[in-house]
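Worksheet: the structure to be examined is printed underneath.
Heavy atoms only: backbone and side chains are in, while hydrogens, waters and symmetry mates are out. No experiment lies behind these values; they were computed from the predicted model shown.
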Amino acid sequence: RAHRRYHRHPSGTRSPALHGHRSQGVSARATLALLAALLTPWVAAAALPRTAAVPGGIVIVPLTSTATPVPRVQFGDERVMVVAHDGRWQAVVGLPLTLNAGPQLLIATDDSARQTWHEIVVQPKQYAAQYIRLKDKRLVDPSPMDLQRIEREQRILQSAFTHWRDRDAPDMRFDLPARGRLSGNFGLRRFFNDEPRQPHSGVDIAAPLGTPVTAPADGIVIETGDYFFNGRTVFIDHGQGLVSMYNHLHRIRVKPGTAVKRGQRIGDIGASGRATGPHLHWAVSLNGARVDPLLFVPERVLADLGTKQP
């Protein structure tokens, strides 16, 4: 996939990035580049998730050499994760489920305040529909008092999803957080009692009540709570805008501020909140956008489960 690049200088002028230009100073520049590489401190390389240039997917945009300072990257109003990989800084960009197909702009700013614009082409994707019947009508049409509670909780959830913690190389190779059956795919267009609601922004894992829920990678618990729709919930910050969420728990076993390790138990599967039975709703947010969690799970794990790769 090609990315179109433009440079914007502090003066405000814009010029296309030129590729393949040769000059008499090639050997001198090569020598300087080699010296810079030798003198540059070692930078930890990150394992990258799989990509899908669709709403709810992830794109990876190559930036400058790691011999240069790490750039700051924005997508819309959100800061974007930047990690080292294959000798270059790479922007790891989450694409919101609500994003329109077509060209989108990513802006990278270097330490001299020069901006480079990268064009991302988002492909359309039609997600399947899911129809759910709920006996408790209040979970479909909340009361005015419920709506006030939901509004308060939405501010908490949004704050957790947009949390930022600097970290050089966040671990982006996730384990599945629970053993069970994948019962709900990411992105489903959901209808509760035939009424359209928000699309399914995570994956569901069905398992018996009390089944352990574990951290898929190292991180820090930044929020826990019992919410109207989500039930008992845990949020884990993995660094640089990568946040995971675990809903409908029967029991929460960690507290905010707890540093958790991969595989550490954080709760038990339950049916709290808006749920038709015991299961885990697992969501992952990247630069404030909910993306398919299975993009972070190794292919061999999905193959063992007989799951089609996203």
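Remark: the backbone N or O of Val260 is not paired with any side-chain donor or acceptor of Thr258 at under 3.5 angstrom. In terms of modelled atom types and a separation under 3.5 Å, the side chain of Thr233 and the main chain of Gly231 share a donor-acceptor contact. Listed for the Gln104 side chain is a donor-acceptor partner under 3.5 Å among the backbone atoms of Asn100. Side-chain atoms of Gln264 never come within 3.5 Å of backbone atoms of Ala215 as a donor-acceptor pair (strictly under, hydrogens ignored). Using modelled atom types, no side-chain atom of Asp110 and backbone atom of Pro71 make a donor-acceptor pair closer than 3.5 Å. Between the His279 side chain and the Gly277 main chain, a donor and an acceptor come within less than 3.5 Å of each other. Under a 3.5 Å cut-off, the side chain of Arg50 and the backbone N or O of Ile58 do not form any donor-acceptor pair.
Scanning all heavy atoms of the two residues, the minimum distance from Trp282 to Pro293 falls at O-CG, 3.5 Å. Nearest heavy-atom pair across Ile205 and Arg179 is CG2-C, 4.4 Å.
Partners of Arg72 according to the salt bridge (charged side-chain N to carboxylate O under 4.0 Å, His left out) rule, which considers only residues two or more places apart in sequence or in another chain, do not exist here.
Within the cation-pi definition used here (under 6.0 Å to the ring centroid, within 45° of the axis), Arg274 qualifies as a partner of Phe229.
Aromatic ring centres of Phe161 and Phe235 lie closer together than 6.0 Å. The aromatic ring centres of His200 and Tyr127 sit 6.0 Å or more apart.
For the side chain to side chain donor-acceptor pair (under 3.5 Å) test with Arg253, the passing option among Thr224, Thr214, Asp268 is Asp268; the others fail. Partner of Leu280 under the side chain to side chain contact (heavy atoms under 4.5 Å, CB included) criterion, out of Val203, Leu176, Val213, Thr211: Val213 alone.
A salt bridge is absent between Arg262 and Asp218; no separation between the charged side-chain nitrogens and carboxylate oxygens falls under 4.0 Å. At a threshold of 4.0 Å, the pair Asp111-Arg114 does not count as salt-bridged, since none of the basic side-chain nitrogens sits closer than that to a carboxylate oxygen.
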* Would Ile120 and Val61 satisfy side-chain contact (heavy atoms from CB on, under 4.5 Å), going step by step from the backbone distance to the final call? -> CA-CA 8 Å; Ile120 299 170; Val61 180; 4.2 Å; yes

Between Asn230 and Met245, is the side-chain contact (heavy atoms from CB on, under 4.5 Å) condition met? List the steps.
CA-CA 10 Å; Asn230 296 345; Met245 179 180 73; 4.0 Å; yes

Evaluate Arg232 against Arg251 for side-chain contact (heavy atoms from CB on, under 4.5 Å), listing each step before the verdict.
CA-CA 7 Å; Arg232 296 183 186 91; Arg251 180 180 176 185; over 6 Å; no

| said: I'd like to know whether His281 forms a ring pair (Phe, Tyr, Trp, His ring centres under 6.0 Å) with Tyr246, so could you lay out the CA-CA distance, the side-chain angles of the two residues, the decisive distance to 0.1 Å, and finally the verdict. | reply: CA-CA 6 Å; His281 174 82; Tyr246 311 83; 9.8 Å; no

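For Arg165, the CZ atom counts as densely surrounded, since its 6.0 Å shell holds more than 12 non-hydrogen atoms of other residues, nucleotides or ligands.
Side-chain contact check for Leu106 versus Val73: some heavy-atom pair is nearer than 4.5 Å.
Cluster annotation: Val221 is connected to Leu242 through the hydrophobic network of ILVMFWY side chains, with a link wherever side-chain heavy atoms come within less than 4.5 Å.
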